2 protein chains.
Amino acid sequence: MTIHRNALLLRVMTAEQRLRTLFAYDRTNRIFSVNLTMQQLKVLILLTRHDGIPSQELTRHLGVTLATLSGIVDRLVAHGYATRTEDLHDRRIRRIHLSPAGREVLTEIMDSGNRAQQRLLARLDDETLLMLETVLTRLLDAARADALEQGVDIPDDLESHSH
Amino acid sequence: MTIHRNALLLRVMTAEQRLRTLFAYDRTNRIFSVNLTMQQLKVLILLTRHDGIPSQELTRHLGVTLATLSGIVDRLVAHGYATRTEDLHDRRIRRIHLSPAGREVLTEIMDSGNRAQQRLLARLDDETLLMLETVLTRLLDAARADALEQGVDIPDDLESHSH
DNA sequence: CGAACGGTTAGCATCACACGAACTAACGTC
DNA sequence: GACGTTAGTTCGTGTGATGCTAACCGTTCG
């Protein structure tokens, strides 16, 4: 049983990998049209998981000084992708937030294969779609259980939608 | 029927989006540790779909001159991420190839949520895994049909494994 | 009040990219 | 073979982003 299960897991992961390969490198990806540097992208990614993070903490994640980070954030703010606010309890602290435009551009970059994938979904018969829905629902349940075990934050919309 | 199907498609896509959100912004992503600029990353992405592409075509995709591209490729070659070869029929033409190291780093960047995803798969019961396998197989079939219709190249390992 | 802290600014250096110009090798046509 | 065109590389120049240290200012805390 375990051997069969391992083979099954492997088959699933291999198939997934292949699909991902097909989608991941879509050259219509937003990354080709957006004007972001790597450090800017890294900050945006960090803000997705830690919106409102203080600058000091960002410097630790990025491994740069406050002076450098200040410049990076300046330029993100100038692009409209991030905003700065003062901490409520300590006015020295600047909290850096992802702006709606920043979130949007990041979503577009990360959703690189979405359009192609939607084309594929439209080709599936209803039975397969229902199966996929079941699987995804169980995966989301597993994700929530996993997150609980890891003590990891779950995005609000994920959590509120479970009920 | 169509209304039901549309609702089903929407549910599937929404669930997928949620899962993707969970995985996409993992800050252990290789992107935080690799020393690549955006233009270099773009070239690597392009090479994944068009390995051995002539320089001239790369300039069109990137929207830069040959002089600029030459520098970018120089640095990718220096990093060990790409190689240059001469075209077999026209010795003026340089074909740019993704190196194994280049492919590896790109795979690591794109597979940002892979470890977390494997943890989730291990939580699924066999029935769900079998359903997932069926779905993925059908998705791959759809992908191949889609690619044929679009006249798009399929990576060799995808094609050879269908038989 | 003074020391410590968080963030910003200025100055400087480096790197990558971007372009046009110049150059060389290669190709195709006459 | 001569010639015009093409593909790519190199060079020089300029720009922007990043990276650091030092100085500065406002804020916090003992």
Side-chain angles (χ1 to χ4, degrees), chain A residues 31-47 50-98 102 105-106 109, chain B residues 31-47 50-98 102 105-106 109:
Chain A
I31 211 168
F32 286 98
S33 57
V34 80
N35 214 21
L36 274 180
T37 65
M38 264 317 192
Q39 290 293 64
Q40 291 165 14
L41 177 60
K42 287 176 189 175
V43 171
L44 292 183
I45 290 174
L46 287 169
L47 291 181
H50 307 282
D51 201 41
I53 185 173
S55 292
Q56 193 79 266
E57 285 188 34
L58 269 181
T59 66
R60 283 195 281 268
H61 287 303
L62 275 188
V64 297
T65 62
L66 266 170
T68 300
L69 181 75
S70 196
I72 295 171
V73 174
D74 279 348
R75 288 179 288 277
L76 282 173
V77 170
H79 276 99
Y81 294 144
T83 58
R84 282 182 173 102
T85 58
E86 215 172 66
D87 185 74
L88 291 181
H89 304 107
D90 185 338
R91 293 178 56 195
R92 295 172 301 182
I93 296 178
R94 293 293 174 273
R95 291 189 173 274
I96 317 298
H97 301 267
L98 195 57
V105 78
L106 208 42
I109 289 172
Chain B
I31 210 167
F32 286 97
S33 55
V34 81
N35 215 23
L36 274 180
T37 66
M38 267 312 196
Q39 290 292 65
Q40 291 166 13
L41 178 61
K42 287 178 190 174
V43 170
L44 292 183
I45 291 174
L46 287 167
L47 291 181
H50 308 281
D51 202 40
I53 185 174
S55 291
Q56 192 78 268
E57 286 188 34
L58 267 182
T59 66
R60 283 196 281 271
H61 288 301
L62 272 188
V64 298
T65 63
L66 267 170
T68 301
L69 182 75
S70 195
I72 296 171
V73 174
D74 279 349
R75 288 178 288 275
L76 282 174
V77 169
H79 276 99
Y81 294 143
T83 58
R84 282 183 173 100
T85 58
E86 216 174 65
D87 185 75
L88 289 182
H89 304 109
D90 184 338
R91 296 179 55 197
R92 296 172 301 181
I93 296 177
R94 292 294 174 270
R95 290 186 175 274
I96 318 298
H97 301 267
L98 195 55
V105 78
L106 208 42
I109 290 171

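Keep in mind that what you see is a predicted model, and the values were worked out from it rather than measured. Note on naming: letters A, B, ... go to the chains in the order of the sequence lines (proteins, then strands), and numbering restarts at 1 for each one.
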Checklist entry - Separation of B:Asn35 atom CG from C:dC17 atom P, in whole Å? => result 11 Å

Checklist entry - Would you say B:Arg84 reaches D:dT9's phosphate, i.e. side-chain N/O to OP1/OP2 under 4.0 Å? => result yes

Next on the checklist: Is any side-chain heavy atom of B:Tyr81 closer than 4.5 Å to one of B:Leu36?
Outcome noted: yes

Item to check | Between C1' of D:dG19 and CG of A:Leu62, the distance in whole Å | outcome: 12 Å

Next on the checklist: Give me the atom names and distance for the closest heavy-atom approach of B:Leu106 to B:Ile45.
Outcome noted: CD2-N, 3.8 Å

Checklist entry - 5'-most contact on DNA chain D: A:Ile72 or B:Glu57, nearest heavy atom basis? => result B:Glu57

Checklist entry - When the distance from CD of B:Gln40 to P of D:dT18 is rounded to whole Å, what number comes out? => result 14 Å

Item to check | Touch class at under 4.0 angstrom, heavy-atom based, for A:Thr68 against every strand present | outcome: base

Checklist entry - Does the side chain of A:Ser55 come within less than 4.5 Å of A:Leu66's, by heavy atoms? => result yes

Checklist entry - What integer distance in Å separates A:Asp87:CG from D:dG26:P? => result 19 Å

Item to check | C:dG20 phosphate, OP1 or OP2, under 4.0 Å from B:Thr65 side-chain N/O | outcome: no

Item to check | Between P of D:dT9 and CG of B:Asp74, the distance in whole Å | outcome: 7 Å

Checklist entry - For D:dT27, does OP1 or OP2 lie under 4.0 Å from any side-chain N or O of A:Arg91? => result yes

Next on the checklist: With a 4.0 Å cutoff (strictly under), does any side-chain N or O of B:Gln39 reach OP1 or OP2 of C:dC17?
Outcome noted: no

Checklist entry - Taking CG from B:Leu76 and P from D:dT9, how many angstroms apart are they, rounded to a whole number? => result 13 Å

Next on the checklist: Whole angstroms only, please: what is the CG-C1' distance between B:Leu69 and D:dC11?
Outcome noted: 17 Å

Item to check | Sub-4.5 Å side-chain heavy-atom contact between A:Leu58 and A:His50 | outcome: no

Checklist outcome for this item: With the side chain defined as heavy atoms from C-beta on, B:Asp90 is closest, among D:dG8, C:dA26, C:dT9, to C:dA26

Checklist entry - C:dT8 P sits how many Å from A:Glu86 CD, rounded? => result 11 Å

Checklist entry - Are OP1 or OP2 of D:dT18 and a side-chain N or O of A:Thr37 less than 4.0 angstrom apart? => result yes

Next on the checklist: Regarding A:Ile93, tell me which of base, sugar-phosphate or nothing describes its non-hydrogen contacts under 4.0 Å with the strands shown.
Outcome noted: sugar-phosphate

Item to check | Minimum-distance nucleotide (side-chain atoms of A:Arg92 versus C:dC27, D:dT27, C:dT9) | outcome: D:dT27

Checklist outcome for this item: Out of C:dC19, C:dT8, D:dT21, minimum distance to the side chain of B:Ala67 belongs to C:dC19

Next on the checklist: Check this for me, if you would: do A:Asp90 and A:Arg95 make a salt bridge, where the nitrogen-to-carboxylate-oxygen distance has to be below 4.0 angstrom?
Outcome noted: no

Checklist entry - So what does B:Arg95 touch, heavy atoms closer than 4.0 Å: a base, only the sugar-phosphate, or nothing? => result nothing

Next on the checklist: For a 4.5 angstrom cut-off between non-hydrogen side-chain atoms, does A:Arg84 reach A:Ile96?
Outcome noted: yes

Next on the checklist: On the nucleotide D:dT18, are OP1 or OP2 found under 4.0 Å from the side-chain N or O atoms that A:Arg75 carries?
Outcome noted: yes

